[in-house]
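Below: the structure, in structure tokens.
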Amino acid sequence: MAPEAPPTAGLPLRWSDLRPGGDAGLGSALAHFLGVPAVQIECSGTAALVIALSALRAAQPRRDEIVAPAYTCPLVALAAAHCGLRLRLCDLRPGSLDLCTGSLAALCGPRTLAVLPTHLAGRVTDVAPARAIAHAAGARVIEDAAQALGARQATGACIGTGSDMVFFSMAVGKGLTLYEGGALVVADPALRAACARAAATLAPWRRGWEWRRSLELIGYAALYRPAGLPLAYGLPLRRALARGDRVGAAGDDFDDAIPLHRVGRWRQAVGVRALERLPAWLAESEPRARNRIALLHDQVPALQVLQDSPAVPGARGTWPTLLVLMPDAASRETALRALWGAGLGVSLPFVHALPDYPRYARCIAREADEDWPNARDFARRVIAISNSPWLPDAGFARVCDTLRRAIGTRP
Ligand SMILES: *Cc1c(COP(=O)(O)O)cnc(C)c1O
């Protein structure tokens, strides 16, 4: 089979990570890595968000809305629905992952429980204005750093530590993985205790789920390598694309039911062992990304490559993928048709802006005249290029070439 680059630069596991026993304290290992007092381990990023929202809601039952970016993971919508919360969507700044402050100010009010600035694809976004607006309305800020474990502020502090809460995902493809896992960091000790109590009742030990995730993790460790990816990732991807199922191809087809359970000792120990290699892995991925961004600028100057927000100078994001914005939707379509499923690690972060998935429409509260022009424009022009070391330079050069031709040949 032809080689297949994975869509993101996920940290590969080693067989030795899977040995029995070891230190099951993934929370303390992550707290040390992130430089925070404590980390609560949950069974997914979505579960961490559900726990956080449930704890906040219990303290402020009259606040029944959350605000998230209009281009984000549909699991955020499912988490809101699970908690019985109305999800309001906020537009982005043009060509940016930062929340539009004007839209955010209009959305926040006495019903707002929390605002979720999001660091998509490892990019550090501008959270300070969101904090000011949310706090002025009496709402909390939960940073969604599901795709940004290891990203740092200019001070070197972990992103999210200036907000009320931040959560990370340890799902497949998001960096460090337990197959599925999540991490929640809560600034205020009283609120941290409330989140731990919420987890004890909402996410108890469930043997069946832990067995299933453990087997899935072993399968992942076996197949997440150059020899396994054509079968484990490429084949199902090309089948989904052949049926015209882009939502399935992008992995945006989530189950309504959110599993909630404790993460077992063995999977935590696997995470502790893999975490030891994460700093070096992230340190290698940054220069690789910088080199490839320089190539993109040089070869395809009409492209915009997403960087950490210019509003947060000195921030150091992570680089699971490179996000690029094509000049228009037509050139993006041309490029996508040539590259998605071609084994070169090109994909979409999410297929649509969140309001544009029919299957998640019921989770979103929208006013009649509401629109999200910048988020929709972003969704139509974005492409993600893997920053995996398993995408060889020759493959990356082919991606550059195809992007250039897609732009050159548009009508
Ligand atoms: C993946 C993701 C989540 C949910 O994390 P899981 O661990 O997959 O449940 C939330 N927000 C964003 C932006 C994500 O990419």
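Every number for a ligand or one of its atoms is a count from 1 in the order of the listing.
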Which pairs would a plain distance check flag for residues 215-224, meaning a side-chain donor or acceptor within less than 3.5 Å of a matching protein atom at least two apart in sequence or in another chain?
residue	atom	partner	partner atom	Å
Glu216	OE1	Arg213	NH1	2.9
Glu216	OE2	Arg212	NE	3.4
Tyr224	OH	Thr8	O	3.2
Tyr224	OH	Gly10	N	3.1
Tyr224	OH	Gly10	O	3.3

Any side-chain donor paired with an acceptor under 3.5 Å for Thr112 and Glu65? no
Using side-chain contact (heavy atoms from CB on, under 4.5 Å) as the criterion, point out the one residue from Val39, Ile159, Asp164 that pairs with Val185. Val39
My understanding is that only residues two or more places apart in sequence, or in another chain, count here; which of them pass ring pair (Phe, Tyr, Trp, His ring centres under 6.0 Å) with His352? Tyr357
Any donor-acceptor pair under 3.5 Å linking the side chain of Arg206 with the backbone of Pro259? no
I'd like the atom pairs linking ligand 1 to the protein - N or O on both sides, separation under 3.5 Å - with distances to 0.1 Å.
residue	atom	partner	partner atom	Å
ligand 1	7 (O)	Gly45	N	2.7
ligand 1	7 (O)	Ser169	OG	2.6
ligand 1	9 (O)	Gly45	N	3.3
ligand 1	9 (O)	Thr46	N	2.9
ligand 1	9 (O)	Thr46	OG1	2.5
ligand 1	11 (N)	Asp144	OD1	3.3
ligand 1	11 (N)	Asp144	OD2	2.6
ligand 1	15 (O)	Gln147	NE2	2.7
ligand 1	15 (O)	Lys174	NZ	2.7

Once side-chain contact (heavy atoms from CB on, under 4.5 Å) is applied, do any residues pair with Ser214, and if so which ones, sequence neighbours excluded?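 Per chain and number, Ser214 pairs via side-chain contact (heavy atoms from CB on, under 4.5 Å) with Glu210, Trp266, Arg267.
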